[in-house]
There are 2 protein chains.
Amino acid sequence: MQTLSNLFKALSDETRLRILKLLEHGELCVCDIVAALGMIQPKVSFHLGVMKDAGLIKDRKQGRWIHYRIDDSDMFKRLILLSVLERIPDTVVAENRKRLKKFLTDKNGRQEMRQKTAAAACLCERQTGG
Amino acid sequence: MQTLSNLFKALSDETRLRILKLLEHGELCVCDIVAALGMIQPKVSFHLGVMKDAGLIKDRKQGRWIHYRIDDSDMFKRLILLSVLERIPDTVVAENRKRLKKFLTDKNGRQEMRQKTAAAACLCERQTGG
DNA sequence: CAAACATATCAAATTTTGTTTATATATTCC
DNA sequence: GGAATATATAAACAAAATTTGATATGTTTG
């Protein structure tokens with residue numbers, strides 16, 4: 001019974017519902033969610049922790065990032081999560097998605113920049129002879 | 001979104017889930033629930049209030065009693081409530097139901113006693129001529 | 001009408017959650 | 001290896017939920 005009440009406790013907060021809605025279409029890392037919500041990172045980590053403990057989300061570590069995704073691995077959770085996501089209109093998270101999109105674009109930009117720089121450095125090394 | 005998080009908040013407490021389970025087979029008045037749970041009355045009223053505000057239960061006043069029953073008047077609530085009740089095993093509330101049964105029996109006994117006494121008094125009045 | 005009863009509400013005490021700032025840990029980049 | 005980045009955790013604090021005891025309100029019974 002405690003598992004059940006815990007599941008609902010995890011769903012009883014607007015920030016957490018918002019995060020679930022953001023995860024609707026796939027996984028995100030913590031910094032993505034922080035950017036999308038415009039909240040400080042420990043706060044977001046706290047809410048992710050609550051949902052992870054309740055079994056609503058799972059995480060996956062990759063390098064220095066930790067990606068979170070919805071865990072609907074049993075019928076009950078699937079049912080609940082589906083009906084929850086369906087009941088939150090996209091308009092509610094429109095602003096968050098806009099910020100997320102911008103953040104992802106910038107992140108991509110930064111990564112490409114690093115790759116180019118690295119490639120240039122490599123080329124330079126070769127040309128000047130190692 | 002607040003309505004949604006509120007609904008889950010109402011479901012996020014073991015006492016309240018227990019009450020819902022007790023209401024599974026029909027309405028009960030506050031004193032029945034108090035007896036079944038073995039809790040003090042203001043506490044039970046508080047939890048009933050939370051669930052009523054969230055739209056999970058309805059009340060009906062009859063004399064000095066207020067009867068509460070599950071409100072599954074829309075698909076979403078019906079779905080949630082069904083799956084919740086199904087997930088709480090009867091064993092969890094076995095003790096509560098035992099106490100409830102005893103309380104209801106005693107209540108019936110007291111009422112019958114009152115009715116007999118009243119009938120006797122009435123008969124007596126007639127015989128001695130009003 | 002007074003006593004008994006059923007319930008709600010209020011205020012105070014307590015417990016649980018959520019927020020923030022600071023810091024620790026681990027990973028990648030240079 | 002040192003700087004930068006991503007995340008978690010701890011400690012302190014704020015806010016919200018719960019519990020309890022006291023009391024108010026309305027209803028029935030004698």
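Chain A is the first sequence line, chain B the second, and so forth, proteins listed ahead of strands; every chain is numbered from 1.
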List the atom pairs, with distances to 0.1 Å, where a side-chain N or O of residues 3-12 of chain B and a protein N or O form a donor-acceptor pair under 3.5 Å, not counting sequence neighbours.
from: B/Ser5; atom 1: OG; to: B/Gln2; atom 2: O; distance (Å): 3.1
from: B/Ser12; atom 1: OG; to: B/Lys9; atom 2: O; distance (Å): 2.7

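Taking a 4.0 Å limit (strictly below) on heavy-atom distances, residues 11-22 of chain A reaches DNA chain C at A/Asp13, A/Arg16. A heavy-atom distance below 4.0 Å to DNA chain C is reached by none of the residues of residues 52-63 of chain B. Residues from residues 26-37 of chain A placing a heavy atom under 4.0 Å of any atom in DNA chain D, listed by number, are A/Cys29, A/Val30, A/Cys31.
Annotation: the terminal axes of the helix from C/dC1-D/dG30 to C/dC30-D/dG1 meet at 20°, where each axis is the rotation carrying the C1' atoms of four end pairs onto the next four (5 pairs per end, rounded to 10°).
Atom CZ in B/Phe46 sits about 12 Å away from atom C1' in C/dT15, given to the nearest Å. In this structure, A/Met39 places its CE atom 7 Å from P of C/dT19, rounding to the nearest Å.
Residue B/Ser45 places at least one side-chain N or O closer than 4.0 Å to OP1 or OP2 of C/dA8. Listed pair A/His67 / D/dA6 fails the phosphate criterion, with no side-chain N or O lying under 4.0 Å from OP1 or OP2. Within the structure, every side-chain polar atom (N or O) of A/Lys43 is placed at least 4.0 Å from both OP1 and OP2 of C/dG18.
A donor-acceptor contact shorter than 3.5 Å is absent between the side chain of B/Arg69 and the backbone of B/Glu27.
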Enumerate the protein-to-nucleotides 11-14 of chain C contacts in which both atoms are nitrogen or oxygen and the separation is below 3.5 Å.
none

Tabulate atom names and distances for all N/O pairs under 3.5 angstrom spanning the protein and nucleotides 1-4 of chain D.
none

Using a cutoff of under 3.5 Å, can you pull out all pairs of nitrogen or oxygen atoms linking the protein to nucleotides 23-25 of chain C, with atom names and distances?
none

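Among the heavy atoms of the strands lying under 4.0 Å from A/Ile40 is at least one base atom, whether or not backbone atoms are also near.
Residue A/Val50 belongs to a hydrophobic cluster whose other members are A/Phe46, with links defined by side-chain heavy atoms closer than 4.5 Å.
In the hydrophobic cluster analysis, where Ile, Leu, Val, Met, Phe, Trp and Tyr join through side-chain heavy atoms closer than 4.5 angstrom, A/Met1 is grouped together with B/Leu23.
Looking at every heavy atom in both residues, A/Ile57 comes nearest to A/Ile70 through CG2-CA, 4.1 Å. Considering every non-hydrogen atom in both B/Leu37 and B/Arg18, the closest pair reads CD2-CD, 3.5 Å.
Residues passing the salt bridge (charged side-chain N to carboxylate O under 4.0 Å, His left out) test with A/Lys21 are A/Glu24, A/Asp90, sequence neighbours excluded. Here A/Asp32 pairs with A/Lys107 under the salt bridge (charged side-chain N to carboxylate O under 4.0 Å, His left out) rule; sequence neighbours left out.
Sorted by first then second residue, the ring-ring contact (aromatic ring centres under 6.0 Å, His included) pairs that include residues 14-42 of chain A, not counting sequence neighbours, number zero.
A cation-pi arrangement, defined by a distance under 6.0 Å to the six-membered ring centre and an angle within 45 degrees of its axis, is present between A/Arg87 and B/Phe76.
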